[in-house]
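So the structure is just underneath, and the comments pick up after that.
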Amino acid sequence: MSVENDSSQVQSLASGSGYPSYPVAPGSRLNVRSGPGSNYPVIDVLPYGATVTLRCQCDGTTVSGPYGTTDIWDCIGNGRFVSDAYVKTGSDGYVVTQCG
């Protein structure tokens, strides 16, 4: 994934949750899966312009997207995962604790 140090990058703490939030790639309707991989069923689709709150991150299947190729998956809720290749975290690595 490419690292972009964009001063306009959106990062905030979800109201009262203590978890950071990041924007989904512009023009992307992002599949939410039941596990950390493209082999898991799609359980939801996020709308254009969505922001996701990262609870933790883990390894999964490798995906290529607007922010590069990665095997990192972001847990955005209980049993809800999105590929980090579609989330603008500004990092090629983990930005929150690993799931476990």
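Side-chain N or O atoms of Ser28 include none that pairs as donor or acceptor with a backbone N or O of Leu30 at under 3.5 Å.
Taking each heavy atom of Ser21 and Thr53 in turn, the nearest pair found is OG-OG1, 2.8 Å. Contact between Val96 and Pro20 at its shortest, heavy atoms only, is CG1-CG, 3.4 Å. The two atoms that bring Val24 and Leu46 nearest to each other are CG2-CD1, 4.3 Å, heavy atoms only.
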Open item on the list: Please determine whether side chain to side chain contact (heavy atoms under 4.5 Å, CB included) holds for the pair Asp74 and Tyr22, giving the CA-CA distance in whole Å, both sets of side-chain angles, and the decisive distance to 0.1 Å.
Closed with: CA-CA 11 Å; Asp74 304 330; Tyr22 299 93; over 6 Å; no
Open item on the list: Before you tell me yes or no, could you show the steps for Asn31 and Tyr86 under side chain to side chain contact (heavy atoms under 4.5 Å, CB included), namely the whole-Å CA-CA distance, both residues' side-chain angles and the distance that decides it to 0.1 Å?
Closed with: CA-CA 10 Å; Asn31 288 335; Tyr86 286 85; over 6 Å; no
Show me, pair by pair, the donor-acceptor contacts under 3.5 angstrom made by side chains of residues 33-43, not counting sequence neighbours?
residue : atom : partner : partner atom : Å
Arg33   : NH1  : Ser38   : O            : 3.1
Arg33   : NH1  : Tyr40   : O            : 2.6
Ser38   : OG   : Thr61   : OG1          : 3.4

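Summarising the geometry, atom SG belonging to Cys56 is positioned 11.0 Å from atom CD1 belonging to Ile76; distances are rounded to the nearest 0.5 Å. One distance of note links CZ of Arg29 with OH of Tyr48; it measures 6.0 Å at 0.5 Å rounding.
Applying the side chain to side chain contact (heavy atoms under 4.5 Å, CB included) test between Thr62 and each of Ile72, Thr69, Thr70 identifies Thr69 as the sole match.
Distance check for Cys99 and Cys75: the SG atoms are not under the 2.5 Å cut-off.
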